[in-house]
Amino acid sequence: MQVRLVQGPFRPDEELASFIAGLEGDGAVVSFIGLARPADAEGHEVTGLLLDSYAGMTEASLDGIARDALARFPVSAVRIVHRCGAILPGEAIVFAAAAAPHRRAAFEAADYLMDRLKTDAALWKREDGAGGSKWIEPTAADRSDRERWSA
Amino acid sequence: MQVRLVQGPFRPDEELASFIAGLEGDGAVVSFIGLARPADAEGHEVTGLLLDSYAGMTEASLDGIARDALARFPVSAVRIVHRCGAILPGEAIVFAAAAAPHRRAAFEAADYLMDRLKTDAALWKREDGAGGSKWIEPTAADRSDRERWSA
Amino acid sequence: MKILFFGRLAESLGREVELALPEPGCTVAELRLRLGGAVASPAVRACIDRAMVPETTRVLPHHEVAFVPPLSGG
Amino acid sequence: MKILFFGRLAESLGREVELALPEPGCTVAELRLRLGGAVASPAVRACIDRAMVPETTRVLPHHEVAFVPPLSGG
């Protein structure tokens with residue numbers, strides 16, 4: 001399955017291996033792995049993340065983003081694996097990959113997948129730290145990254 | 001070791017796992033994997049590649065590209081693993097990865113690594129097929145991709 | 001009917017509340033007014049059957065209704 | 001001295017040839033003229049001690065000299 005929302009830890013290396021194993025004659029694979037950082041944007045320690053999800057809606061949002069990438073770029077396959085629930089620093093949050101005959105399309109599709117995921121994935125993120133918990137919303141940078149693709 | 005020229009097959013998934021294991025607090029990893037395609041630019045079957053290398057010079061060219069990426073982008077680590085010698089269709093030719101606190105720098109550095117590798121790596125590629133063997137040189141697209149970074 | 005909440009709304013209001021829907025149904029805007037509090041924020045979006053909907057959409061008894069804060073992505 | 005070749009040059013000329021260097025050395029351009037053939041192509045670059053060098057560089061007996069076709073990348 002190329003789009004999955006998973007509750008527990010997953011291994012990006014295994015995702016890459018199985019994504020590559022499913023390809024037929026592509027020459028280029030670009031993958032993005034998002035890892036839970038041990039510090040927030042202000043440098044304060046983060047002890048964990050909570051990614052709240054809405055069963056059915058969250059999966060549909062990931063599916064839509066994957067489908068849009070396949071329609072928009074000359075890529076032959078994309079994969080999105082996204083964690084939800086409680087996540088510890090250093091764990092993988094997201095794996096997004098694209099494969100194509102040539103590298104430019106694979107890079108652009110992976111870049112697009114991430115910009116869309118940051119603003120359009122139906123997920124709600126809480127950072128937990130020594131100083132308390134904080135719900136996160138897309139940053140101005142996330143929104144302007146997303147705008148790059150709206151032409 | 002973050003830059004390696006290897007004679008035999010290597011596993012991109014293992015490279016990704018060990019690259020990630022060596023990070024400290026980064027949030028974003030972008031990897032590119034180049035696979036030997038079973039067909040050439042005109043669609044003719046390719047039965048194998050030969051990547052000729054010049055011991056010492058080839059490694060130095062890869063090292064220089066990695067160092068340039070580290071100097072140019074706010075990334076904390078890059079890795080280049082490149083095959084040389086005889087390569088079969090479907091096998092990995094190159095693994096290039098970059099890690100950074102945030103995704104934009106990781107994407108740009110990985111993109112840069114590949115554009116540089118395509119034009120500046122001291123390697124000479126021959127495609128072998130039913131119709132004979134053909135030595136490959138950078139395409140016009142490779143050269144214009146490379147030009148993107150010369151500002 | 002059940003109204004679902006996610007993200008910081010779920011933290012303050014619980015995952016769901018039970019609410020009696022007026023007889024001929026009502027609009028999303030009317031439902032939002034009745035719930036009030038954090039749900040009144042214009043940043044909070046309404047969903048019916050797992051899709052975001054505009055304020056004028058009519059809520060009917062068989063709908064699954066949710067209010068969600070801005071998406072925060074992965 | 002040994003002159004090394006790579007890529008399609010190695011295929012046609014072999015990996016290396018032995019060549020007597022004239023006494024006070026010579027320039028890369030002079031060496032290229034003596035080798036002739038495929039080595040004469042301006043697309044072929046000269047390397048001394050594993051770095052590309054211009055045509056005016058003097059070749060000395062302790063140098064490792066190679067001629068290489070355009071790089072083809074990975």
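Here is the naming used below: chain letters follow the sequence lines, and residue numbers restart at 1 for every chain.
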Least distance between heavy atoms, A/E108 atom then A/W149 atom:
O-CH2, 3.7 Å

Run B/F10 and B/F95 through ring-ring contact (aromatic ring centres under 6.0 Å, His included) and show every step you take.
CA-CA 9 Å; B/F10 72 93; B/F95 173 91; 7.1 Å; no

Heaviest contributor of heavy-atom pairs below 4.5 Å to chain B, chosen from A/L16, A/I33, A/I20, is A/I33

Using a strict 4.0 Å threshold on nitrogen-to-oxygen distance, state whether A/D115 and A/R148 make a salt bridge.
yes

If one checks every heavy atom of B/P89 against chain A at 4.5 Å, the contacting part turns out to be neither

Using distance alone, with no hydrogens and no angle criterion, decide if A/S18 and A/R79 have a side-chain donor and acceptor under 3.5 Å apart.
yes

Between A/F73 and A/Y112, does the ring centre distance come in under 6.0 Å?
yes

Tabulate, in ascending numerical order, the residues of residues 38-50 of chain A having at least one heavy atom closer than 4.5 Å to a heavy atom of chain B, or enter 'none'.
A/P38

Shortest non-hydrogen separation from A/G85 to A/Q7 and the atoms involved
CA-OE1, 4.3 Å

Just to verify, which of B/D68, B/D145, B/D111 counts as forming a side chain to side chain donor-acceptor pair (under 3.5 Å) with B/R116?
B/D68

Heavy-atom contact with chain A under 4.5 Å, split by part of B/R11:
neither

Would you mind telling me which of A/I65, A/L5, A/D63 makes a side-chain contact (heavy atoms from CB on, under 4.5 Å) with A/I80?
A/I65

Quick check for you: among A/A106, A/A92, A/P101, which has the greatest number of heavy-atom pairs under 4.5 Å with chain B?
A/P101

Counting heavy-atom pairs under 4.5 Å with chain A, the top scorer among B/G27, B/P12, B/G90 is B/G27

